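Some notes on the structure that comes next.
Model, not experiment: these values are computed from the prediction.
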Amino acid sequence: MTISVVWFRRDLRVEDNPALAAGVRSGKVIALFIWAPEEEGHYYPGRVSRWWLNQSLSLLNSSLQNLGTTLLTKRSSDSVLSLLHVIKSTAATHLFFNHLYDPFSLVRDHRAKEILTENGIVVRSFNADLLYEPWEVVDDEGQPFNTFSSFWDRCLSMPYDPQPPQLPPKRIISGDLSRCPSDTLVFENDSERGSNALLARAWSPGWSNANKTLTTFINGPLLDYSTNRRKADTATTSFLSPHLHFGELSVRKVFHQLRTKQILWANEGNQAGEESVNLFLKSIGLREYSRYMSFNHPYSHERPLLGHLKFFPWVVDESYFKAWRQGRTGYPLVDAGMRELWATGWLHDRIRVVVSSFFVKVLQLPWRWGMKYFWDTLLDADLESDALGWQYISGTLPDSRQFDRIDNPQIDGYSFDPNGEYVRRWLPELARLPTEWIHQPWDAPEYVLQAAGIELGSNYPLPIVTINAAKSRLQEALSHMWQQEANSRAIRENGTEEGLGDSFEDTLIAFPQDMQMELDEETVRNRTTATVGHYEDQMVPSMTTSLLRVEEDQEEESSSDERNLAHNNTRAQVPTNNILNRELLQEPNGQELDQDFGMQSVLPQFNIQIALRNAPAESSSSSRSRERESGVVPVWSPANSSYSVSEDNSYLQRHPQINWRQLSQTG
DNA sequence: CTTGGTTTCTC
DNA sequence: AGAAACCAA
């Protein structure tokens with residue numbers, strides 16, 4: 001009887017899991033999860049994300065146990081080596097897994113496939129994460145789309161529907177685990193435990209809870225999604241994103257259930273409901289598109305898709321950054337959002353746009369810093385989605401927001417939070433300010449402020465940058481950017497100095513010190529228990545006390561958690577990622593893994609070749625479904641021609657000229 | 001039907 | 001910010 005390893009990653013479910021189904025079909029199954037976060041480079045998962053993963057894994061394990069096997073867990077610094085080890089010690093001959101599309105996984109999974117195949121293992125991989133694989137959705141010339149709406153239009157009009165979701169297996173025959181013990185995985189340290197305990201009050205990870213959440217949403221808030229989705233102060237979103245991130249829920253199942261509901265509403269002539277489904281599907285589509293982008297442009301988490309931004313003179317000011325993180329910018333909507341993020345690991349989509357737009361356009365901080373902070377703090381932190389979002393905000397996609405556009409948090413405040421309830425919930429110091437002034441306290445008459453107990457600059461800050469100042473600074477920055485761009489082009493056209501000194505890597509701005517994960521052991525050891533796992537400056541005021549009071553309080557951070565909870569405050573600390581043990585960055589043979597993996601030039605340079613495209617021409621429509629089943633996987637080849645300026649240009653040439661022209665005119 | 005002034009939406 | 005959709009005469 002064939003023994004196969006089913007490698008679980010971000011597909012933590014038993015239902016509609018093609019890799020698991022394949023394993024069950026072929027015989028005995030070893031269900032495996034490998035924890036190798038160092039492989040993610042700078043993107044070591046944040047505290048709340050690790051908490052979720054931990055919960056989700058134990059629920060997956062109990063599901064697997066009900067079906068007849070158990071989840072084998074391994075701690076590793078090299079997934080591929082661990083796979084080999086597990087395969088050998090369990091006498092497995094097959095490996096099945098589901099595709100991931102983030103840059104780290106693309107490289108790792110390709111390597112896994114190569115090495116294991118060399119070792120005589122049968123490796124097959126599947127689509128479990130998307131409605132359509134990225135290489136299935138192309139334009140009439142076979143090229144990938146460069147705008148979301150063209151991409152999504154095509155998805156919705158594909159000649160074949162997304163695969164219908166599969167039922168979970170009835171029974172799993174377990175492989176022999178006796179010669180391959182599990183490692184105990186540690187996802188939290190002592191200082192994180194207290195804060196993590198709070199998360200369980202608000203969130204229930206796991207695939208069966210994901211299904212419940214979906215049902216609740218479809219039968220409830222979905223109907224009014226089209227009208228309510230823009231309100232920041234009420235919970236009208238699906239709350240599915242963390243479930244989807246970890247693959248606890250199949251998007252195809254979501255898709256089919258939504259479609260079913262939509263048909264039902266259409267038959268009833270319920271137009272609002274129909275429209276709501278379209279809009280919600282669109283947000284599912286954005287998730288699809290983020291994978292699509294990442295697959296087609298694997299550097300999009302660190303490089304602007306439109307290259308001009310590499311000349312943007314970012315304001316490298318850590319005090320701005322700190323004010324933003326702490327929710328002390330002086331703009332109530334921004335600050336409320338940042339406090340909510342800090343406290344709960346969650347943020348309404350609209351507010352994500354507000355705070356990130358403020359970050360890039362008003363503060364003009366490097367967008368990768370903001371993205372990294374989201375990564376560290378969001379419960380649904382997702383590299384592809386976050387990269388797409390930040391590039392959209394930064395104006396570096398063909399269809400993103402204009403560069404020179406500045407959103408005004410005051411105006412957004414009155415449209416997303418017209419009654420100021422959201423602001424009052426997260427900024428208790430402004431709780432007594434009348435709605436008229438709630439989004440512009442700096443304009444309020446002195447007596448109003450006094451009556452509300454507000455002293456601007458003392459218990460609530462004045463705006464750290466005025467919108468007008470930001471506008472003119474942005475104009476200057478943009479003309480500087482165009483100037484530099486022109487200079488650079490001139491140099492390049494003059495020939496000889498080609499490529500000299502202007503490779504993108506040189507212009508990457510390092511993350512601030514307190515975001516770095518590569519702390520040397522000395523630093524880690526010298527940190528007291530109280531500070532390990534904290535951004536030290538991130539002691540955001542408690543919801544129940546004034547700013548001043550909390551600043552005195554910050555030492556007893558964790559002990560005050562329960563008290564805060566009693567006041568309906570799910571505040572928690574934001575994780576850092578400094579727990580990395582330096583040794584884990586070493587390969588077993590002593591060769592040091594590059595610490596800058598993913599950050600600097602070291603990220604493997606590859607060209608994408610789509611296997612499907614290279615496949616023999618016999619792949620006619622009759623074989624199509626089999627191809628999709630068998631999981632045609634992109635072939636990655638290390639290339640000497642990196643993702644370079646020239647490739648950047650070809651990207652520009654291909655996409656519709658709209659934005660590029662506008663941008664050029666700006667300068 | 002136009003017309004001009006709103007509101008809404010942008011991934 | 002600017003286009004598109006909407007709406008009140």
Listed pairs, N/O of protein and of nucleotides 3-5 of chain C, under 3.5 Å:
none

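- A/Ser283 is linked by a side-chain contact (heavy atoms from CB on, under 4.5 Å) to A/Tyr225, A/Phe280, counting only residues two or more places apart in sequence or in another chain.
- Both tests pass for A/Arg303 against the ring of A/Tyr299: distance under 6.0 Å to the centre and angle within 45° of the axis.
- Stacking of A/Arg368 on the aromatic ring of A/Phe511 is recorded, both the 6.0 Å distance cut-off and the 45° axial limit being met.
- Annotation: cation-pi geometry not satisfied between A/Arg401 and A/Phe403 (NZ/CZ under 6.0 angstrom from ring centroid, within 45° of ring axis).
- At a non-hydrogen distance threshold of 4.0 Å, nothing from residues 412-421 of chain A comes into contact with DNA chain B.
- Checked for salt-bridge contact, A/Asp140 and A/Arg154 meet the test: a charged N lies under 4.0 Å from a carboxylate O.
- Running 5' to 3' along DNA chain B, contacts with non-hydrogen atoms of chain A at under 4.0 Å begin and end at B/dC9 to B/dC11.
- Using a 4.0 Å heavy-atom criterion, one finds that A/Asn408 contacts no nucleic acid atom at all.
- Ionic pairing of A/Arg10 and A/Asp102 is present here: one or more N-O contacts between side-chain nitrogen and carboxylate oxygen are shorter than 4.0 angstrom.
- Applying the ring-ring contact (aromatic ring centres under 6.0 Å, His included) test to A/His439 and every residue at least two apart in sequence or in another chain returns A/Tyr414.
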Verdict with supporting geometry, A/Leu397 and A/Phe148, side chain to side chain contact (heavy atoms under 4.5 Å, CB included)
CA-CA 10 Å; A/Leu397 302 172; A/Phe148 170 70; over 6 Å; no
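- Evaluation of the salt bridge (charged side-chain N to carboxylate O under 4.0 Å, His left out) test over residues 381-396 of chain A, restricted to residues two or more places apart or in two chains, returns A/Arg291-A/Asp382, A/Arg291-A/Glu384.
- Using a 4.0 Å cut-off between charged side-chain N and carboxylate O, A/Lys361 and A/Asp407 make no salt bridge.
- Protein atom CG of A/Asn468 is 15 Å distant from nucleotide atom C1' of C/dA1, rounded to whole Å.
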